[in-house]
Amino acid sequence: MISTPTATRTDKTMSDEFPGKLQNDSAAERRTALYTVLAQIPPGKVVTYGQLADMAGLGRAARWVGRTLSQLPNGSLLPWHRVIGAGGRLSLVEGSVGGDEQRGRLRSEGVLIMKNRVDMHRHGWRPSEHSG
DNA sequence: GGTGCGGCTGCAG
DNA sequence: GCTGCAGCCGCAC
């Protein structure tokens with residue numbers, strides 16, 4: 001056996017594997033995990049901040065997720081618009097840049113928005129049920 | 001290393 | 001169903 005003292009985490013990017021339970025050591029790792037999970041969300045589906053945080057292994061850091069998403073650049077290819085508040089509520093207010101963008105994108109994907117709310121029973125992403 | 005701050009969450013009114 | 005309040009968690013001073 002190779003007694004590697006500092007080989008706890010490694011060498012290369014282990015991000016080759018699918019997300020779920022990454023061993024997050026640093027904030028950057030967590031952000032990466034968050035982005036990875038976020039990228040797994042299929043079109044027409046939505047997740048809540050808390051759900052996304054849990055998927056990234058952050059537990060209840062839903063707030064942090066929201067802040068992190070707000071820090072995404074405009075050119076980001078991540079489907080940040082598929083992240084909504086608990087209960088299918090849209091945290092972003094209509095009239096806001098992000099709010100308008102989110103609604104527009106969601107509708108483009110076939111997600112019906114009624115009074116700042118999305119039907120989670122219909123569009124809620126169920127990773128446990130093979131993204132379908 | 002203590003304090004403040006969020007694109008939150010859940011419950012009560 | 002909306003508003004207000006307290007709780008959580010991690011990040012930035």
Side-chain angles (χ1 to χ4, degrees):
Chain A
M1 294 49 151
I2 305 166
S3 55
T4 46
T6 59
T8 305
R9 94 188 210 182
T10 207
D11 39 286
K12 280 181 157 205
T13 45
M14 60 181 177
S15 60
D16 298 273
E17 303 300 327
F18 60 93
K21 299 295 182 181
L22 295 174
Q23 295 180 353
N24 307 318
D25 296 321
S26 61
E29 293 284 321
R30 291 181 173 178
R31 250 172 297 179
T32 303
L34 178 63
Y35 296 155
T36 306
V37 176
L38 180 59
Q40 305 306 310
I41 306 174
K45 295 295 181 181
V46 296
V47 296
T48 64
Y49 292 98
Q51 187 178 353
L52 188 62
D54 184 48
M55 290 177 185
L58 297 170
R60 296 177 178 170
R63 255 182 153 162
W64 174 83
V65 172
R67 283 180 58 189
T68 304
L69 293 179
S70 66
Q71 294 174 33
L72 289 174
N74 294 333
S76 179
L77 298 177
L78 294 172
W80 57 267
H81 58 278
R82 292 174 192 151
V83 185
I84 59 179
R89 298 170 352 196
L90 275 72
S91 301
L92 284 70
V93 183
E94 186 176 23
S96 179
V97 180
D100 183 65
E101 183 70 13
Q102 183 177 43
R103 291 159 192 274
R105 293 195 181 198
L106 289 176
R107 286 193 170 189
S108 298
E109 295 179 354
V111 178
L112 182 60
I113 304 171
M114 299 178 68
K115 301 182 71 68
N116 294 1
R117 279 171 60 174
V118 176
D119 188 352
M120 294 299 288
H121 297 283
R122 182 185 177 95
H123 300 290
W125 185 36
R126 285 279 193 260
S128 301
E129 297 179 357
H130 55 78
S131 59

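Keep in mind that the numbers below use all heavy atoms, side chains included, and drop hydrogens, waters and symmetry copies. Numbers restart at 1 for each chain; the letters A, B, ... are given by sequence-line order, proteins then strands. Quantities reported herein were computed from a predicted structural model and do not represent experimental measurements.
- Legend: salt bridge (Lys or Arg N to Asp or Glu O under 4.0 Å) pairs involving residues 63-72 of chain A, not counting sequence neighbours: none detected.
- Looking at residues two or more places apart in sequence or on another chain, you find a salt bridge (charged side-chain N to carboxylate O under 4.0 Å, His left out) between Arg105(A) and Glu101(A).
- Here chain A contacts DNA chain B (any atom closer than 4.0 Å to a heavy atom, that is under 4.0 Å), and the contacts span dC5(B) to dG10(B) from 5' to 3'.
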Letter per nucleotide, 5' to 3', of nucleotides 6-13 of chain C [B base touched, S only sugar-phosphate touched, - untouched; heavy atoms, 4.0 Å]
-BBSBS--
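- In terms of heavy-atom proximity, Gly98(A) sits nearest to Leu92(A) at C-CD2, 3.2 Å.
- Across residues 90-115 of chain A, Ser91(A), Leu92(A) each have a non-hydrogen atom less than 4.0 Å from an atom of DNA chain B (numbered order).
- Side chain of Ser76(A) to main chain of Leu72(A): no donor-acceptor pair is present (N/O by atom type, distance under 3.5 Å, no hydrogens or angles).
- Thr68(A) comes within 4.0 angstrom of nothing in the nucleic acid, heavy atoms only.
- Counting side-chain heavy-atom gaps under 4.5 Å among Ile, Leu, Val, Met, Phe, Trp and Tyr, Leu77(A) is found in no cluster with other residues.
- Identified under the salt bridge (Lys or Arg N to Asp or Glu O under 4.0 Å) test for residues 84-99 of chain A, with sequence neighbours left out: none.
- Counting heavy atoms from C-beta outward, Met55(A) and Trp125(A) have side chains that approach closer than 4.5 Å.
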Bracket notation of DNA chain C in which parentheses pair within the strand, [ ] cross earlier pairs, and | pairs with another strand (Watson-Crick or G-U, under 3.5 Å)
.||||||.|||||
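- His123(A) places no side-chain N or O within 3.5 Å of a backbone atom of Lys45(A) that could act as its donor or acceptor partner.
- For the salt bridge (charged side-chain N to carboxylate O under 4.0 Å, His left out) test, residues two or more places apart in sequence or in another chain that qualify with Glu109(A) are Arg82(A).
- Here the side chains of Val37(A) and Leu52(A) are in contact, with some heavy-atom distance below 4.5 Å.
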From CA spacing to verdict: side-chain contact (heavy atoms from CB on, under 4.5 Å), Arg103(A), Asn116(A)
CA-CA 9 Å; Arg103(A) 291 159 192 274; Asn116(A) 294 1; 2.9 Å; yes
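- Taking Ala62(A) as the reference, Tyr49(A) meet the side-chain contact (heavy atoms from CB on, under 4.5 Å) condition, with sequence neighbours excluded.
- Side-chain contact check for Val83(A) versus Leu38(A): some heavy-atom pair is nearer than 4.5 Å.
- Contact detail for Ala39(A) and Pro79(A): the closest heavy-atom pair is CA-CD, 4.2 Å.
- Chaining together hydrophobic side chains whose heavy atoms lie under 4.5 Å apart places Ile84(A) alongside Val46(A), Leu90(A), Leu106(A), Val111(A), Ile113(A), Val118(A), Met120(A).
- DNA chain B lies under 4.0 Å from at least one heavy atom of each of the following residues of residues 77-87 of chain A: Trp80(A), Gly85(A), Ala86(A).
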